[in-house]
Amino acid sequence: MKAAVFRNEAGDEEEEEESVCNVFDGDVETTSSRDTKNNLKGFFTSLLLMEEHEKQDQEARTAASRRELSELQSNYRKRARTMSEYYSDLNAHYEENGDIKTKKPRASRASRAVACVSAAATECCELEGESSEITGSGSAGTGQQRRLWVKDRSRAWWEECNRFDYPEEDFKRAFRMSKSTFELICEELNAAVAKEDTALRNAIPVRQRVAVCIWRLATGEPLRLVSKKFGLGISTCHKLVLEVCKAIKDVLMPKYLQWPDDESLRSIRETYESMSGIPNVVGSMYTTHVPIIAPKISVAAYFNKRHTERNQKTSYSITIQAVVNPRGVFTDLCIGWPGSMSDDKVLEKSLLYQRANSGGLLKGLWVAGGVGHPLLDWVLVPYTQHNLTWTQHAFNEKMSEVQRVAKEAFGRLKGRWACLQKRTEVKLQDLPTVLGACCVLHNICEMRGEKMERELVVEVVDDEVLPENGLRSVTAMKARDAISHNLLHHGLAGTSFL
């Protein structure tokens with residue numbers, strides 16, 4: 001019994017110890033979880049506080065940058081306003097003094113500075129109101145309309161030229177023609193170049209459109225100067241030049257550049273015969289070259305070897321072949337063949353060659369060519385062999401008088417339209433249209449008796465190359481010999497060849 005009681009007592013003690021241990025472990029576990037939750041709560045609170053501080057710092061920096069931008073814009077506007085007032089006073093001072101020779105360049109610089117300041121001030125104002133404009137344009141219910149911004153350019157020079165009382169000599173010096181001729185061209189082209197006003201802007205008047213084109217052709221100045229003179233954009237000026245040139249080619253060329261009728265041919269023959277003694281000559285033919293920028297394709301075809309060797313400078317060109325009457329008016333044109341082609345090759349490519357060889361256009365008539373052209377049934381050229389006889393010298397002398405008519409006509413053409421003297425900015429595919437317009441305008445001026453200043457006339461120099469086959473007609477050789485003998489034996493050859 002004692003042993004059993006002892007075992008029971010021992011068992012009770014073990015149970016008490018176990019229960020005590022279990023209670024202690026439970027207290028430990030409860031305390032640990034409570035500490036972990038407190039730690040996590042503090043960690044998240046710290047994160048929220050850090051984000052709040054960072055947000056406040058960002059707002060403070062944004063506010064500071066806005067204040068700095070506002071102060072910068074305010075200072076910039078003040079400086080722009082001050083500079084504008086200063087240069088305006090400066091312009092007014094020079095205008096009052098009237099010292100044109102010494103003050104005009106400074107005044108022009110002042111004007112440019114005023115324009116730059118005004119543009120900067122406008123840009124600043126636009127930057128300031130950019131956000132409000134974007135919001136207004138994006139909302140359909142606010143009733144705000146989108147604005148069309150157009151750069152304000154000065155048109156003072158053109159408005160001065162367009163005045164009714166503008167001096168005739170100054171107008172002719174600028175546009176190479178009188179006011180009456182300019183008015184005639186504007187009337188002829190009115191239907192072809194006029195545009196209608198739109199809701200956004202007013203159309204450019206016909207007179208200004210034509211003036212932009214003619215001034216550009218007459219001076220050969222770059223488009224940026226044309227833009228400043230007429231108060232238009234550079235791309236607008238380029239577009240106007242091409243449009244008006246195309247209108248001249250389509251509308252005026254059929255009227256002012258055409259092959260003469262029978263009555264006109266009779267008058268031309270009589271004039272050339274009285275000039276040289278050579279009968280049945282209805283035109284003087286010459287081929288000249290116009291310099292161009294090296295094209296991107298077929299560069300070798302446009303390379304002008306003769307001009308390169310003579311000028312010691314790489315030259316590329318395009319050709320113009322023309323037949324000229326005694327008044328210097330072009331009656332036939334062939335434009336656009338590459339500068340590497342010789343005169344006889346250009347002639348073979350022309351429409352005149354095809355029409356004449358068909359037998360209907362120049363039957364029994366002559367076109368006086370140069371040494372670069374072949375002798376044909378309808379093309380009369382000088383003698384080119386060595387050791388010429390007196391008769392042949394006399395004939396060449398008279399032929400040079402006929403050729404001089406064509407060369408002088410080209411000299412006036414290039415002098416009147418200076419764009420033909422320098423490499424132009426016009427693309428190669430547009431060049432025939434521009435060159436054709438120059439020739440048509442030349443004809444109009446010649447027909448209306450527009451005189452040119454002597455210093456504007458250009459001396460035309462083109463290196464003519466003898467054709468490989470210069471004698472292509474036995475009949476023409478016999479006819480030329482007969483004309484040469486008649487000139488000498490009838491006393492029409494003169495004595496200068498001696």
How close do [X] and [Y] get, heavy atom to heavy atom, and via which atoms?
{"X": "Val193", "Y": "Ala247", "value": "CG1-CB, 3.6 Å"}
{"X": "Val241", "Y": "Cys213", "value": "O-SG, 3.8 Å"}
{"X": "Val244", "Y": "Arg209", "value": "CG2-O, 3.6 Å"}
{"X": "Asp462", "Y": "His289", "value": "OD1-N, 3.3 Å"}
{"X": "Ile268", "Y": "Pro260", "value": "CD1-CG, 3.7 Å"}
{"X": "Asn469", "Y": "Pro374", "value": "O-CB, 3.8 Å"}

Taking atom [atom1] of [X] as the centre, report whether more than 12 heavy atoms of other residues, nucleotides or ligands fall under 6.0 Å from it.
{"X": "Glu468", "atom1": "CD", "result": "no"}
{"X": "Glu196", "atom1": "CD", "result": "no"}
{"X": "Glu263", "atom1": "CD", "result": "no"}
{"X": "Lys239", "atom1": "NZ", "result": "no"}
{"X": "Glu168", "atom1": "CD", "result": "yes"}
{"X": "Asp262", "atom1": "CG", "result": "no"}
{"X": "Arg163", "atom1": "CZ", "result": "yes"}
{"X": "Lys345", "atom1": "NZ", "result": "no"}

Counting only N and O atoms by type, is there a donor-acceptor contact under 3.5 Å from the side chain of [X] to the main-chain atoms of [Y]?
{"X": "Thr319", "Y": "Trp337", "value": "yes"}
{"X": "Arg306", "Y": "Glu464", "value": "no"}
{"X": "Ser227", "Y": "Leu223", "value": "no"}
{"X": "Gln421", "Y": "Ala418", "value": "no"}
{"X": "Asn486", "Y": "Ala482", "value": "yes"}
{"X": "Asn162", "Y": "Trp158", "value": "no"}
{"X": "Asn304", "Y": "Ser340", "value": "no"}
{"X": "His442", "Y": "Phe410", "value": "no"}
{"X": "Arg224", "Y": "Ile234", "value": "no"}

- request: Check the pair Val281 / Met275 against side-chain contact (heavy atoms from CB on, under 4.5 Å), numbers first and verdict last.
  value: CA-CA 11 Å; Val281 175; Met275 177 192 307; over 6 Å; no
task: If the plane angle is over 60° it's perpendicular, under 30° parallel, otherwise tilted; pick one for Trp157 and Phe175.
output: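 Tilted: the ring planes of Trp157 and Phe175 meet at 30° to 60°.
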field: Ring geometry between Trp215 and Phe230 (parallel below 30°, tilted from 30 to 60°, perpendicular above 60°)
entry: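 Ring orientation of Phe230 relative to Trp215: perpendicular.
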Say you draw a straight line from [atom1] of [X] to [atom2] of [Y]; how long is it, rounded to the nearest 0.5 Å?
{"X": "Leu428", "Y": "Ile297", "atom1": "CG", "atom2": "CD1", "value": "7.0 Å"}
{"X": "Glu273", "Y": "Arg269", "atom1": "CD", "atom2": "CZ", "value": "8.5 Å"}
{"X": "Ile318", "Y": "Tyr302", "atom1": "CD1", "atom2": "OH", "value": "5.5 Å"}
{"X": "Leu257", "Y": "Ile444", "atom1": "CG", "atom2": "CD1", "value": "10.0 Å"}
{"X": "Leu376", "Y": "Thr475", "atom1": "CG", "atom2": "OG1", "value": "11.5 Å"}
{"X": "Leu252", "Y": "Leu441", "atom1": "CG", "atom2": "CG", "value": "7.5 Å"}

[X]-[Y] side chain donor-acceptor pair, cut-off 3.5 Å:
{"X": "Asn325", "Y": "Thr331", "value": "no"}
{"X": "Ser180", "Y": "Ser178", "value": "yes"}
{"X": "Ser264", "Y": "Asp261", "value": "yes"}

Residue pair Ile214, Met177: steps toward the side-chain contact (heavy atoms from CB on, under 4.5 Å) verdict: CA-CA 9 Å; Ile214 292 181; Met177 62 180 64; 4.0 Å; yes
- request: Decide side-chain contact (heavy atoms from CB on, under 4.5 Å) for Val379 and Tyr353; before the verdict, give the C-alpha distance in whole Å, the side-chain angles of both, and the deciding distance to 0.1 Å.
  value: CA-CA 10 Å; Val379 178; Tyr353 185 87; over 6 Å; no
task: Please confirm whether Phe330 and Tyr286 have ring centers closer than 6.0 angstrom.
output: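 No.
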Do [X] and [Y] come within less than 4.5 Å of each other through their side chains, counting heavy atoms only?
{"X": "Trp366", "Y": "Arg480", "answer": "no"}
{"X": "Arg216", "Y": "Cys237", "answer": "no"}
{"X": "Leu184", "Y": "Glu188", "answer": "yes"}
{"X": "Arg155", "Y": "Leu232", "answer": "yes"}
{"X": "Glu221", "Y": "Lys229", "answer": "no"}
{"X": "Cys419", "Y": "Cys438", "answer": "yes"}
{"X": "Trp259", "Y": "Leu265", "answer": "yes"}
{"X": "Tyr272", "Y": "Ser284", "answer": "yes"}

NZ/NE/NH1/NH2 to OD/OE distance under 4.0 Å, [X] and [Y]:
{"X": "Arg173", "Y": "Asp170", "value": "yes"}
{"X": "Lys398", "Y": "Glu401", "value": "yes"}
{"X": "Glu450", "Y": "Lys172", "value": "yes"}
{"X": "Arg412", "Y": "Glu446", "value": "yes"}

- prompt: Checking side-chain contact (heavy atoms from CB on, under 4.5 Å) for the pair Thr236/Ile204: CA distance, chi angles, key distance, verdict?
  reply: CA-CA 10 Å; Thr236 302; Ile204 302 173; 3.8 Å; yes
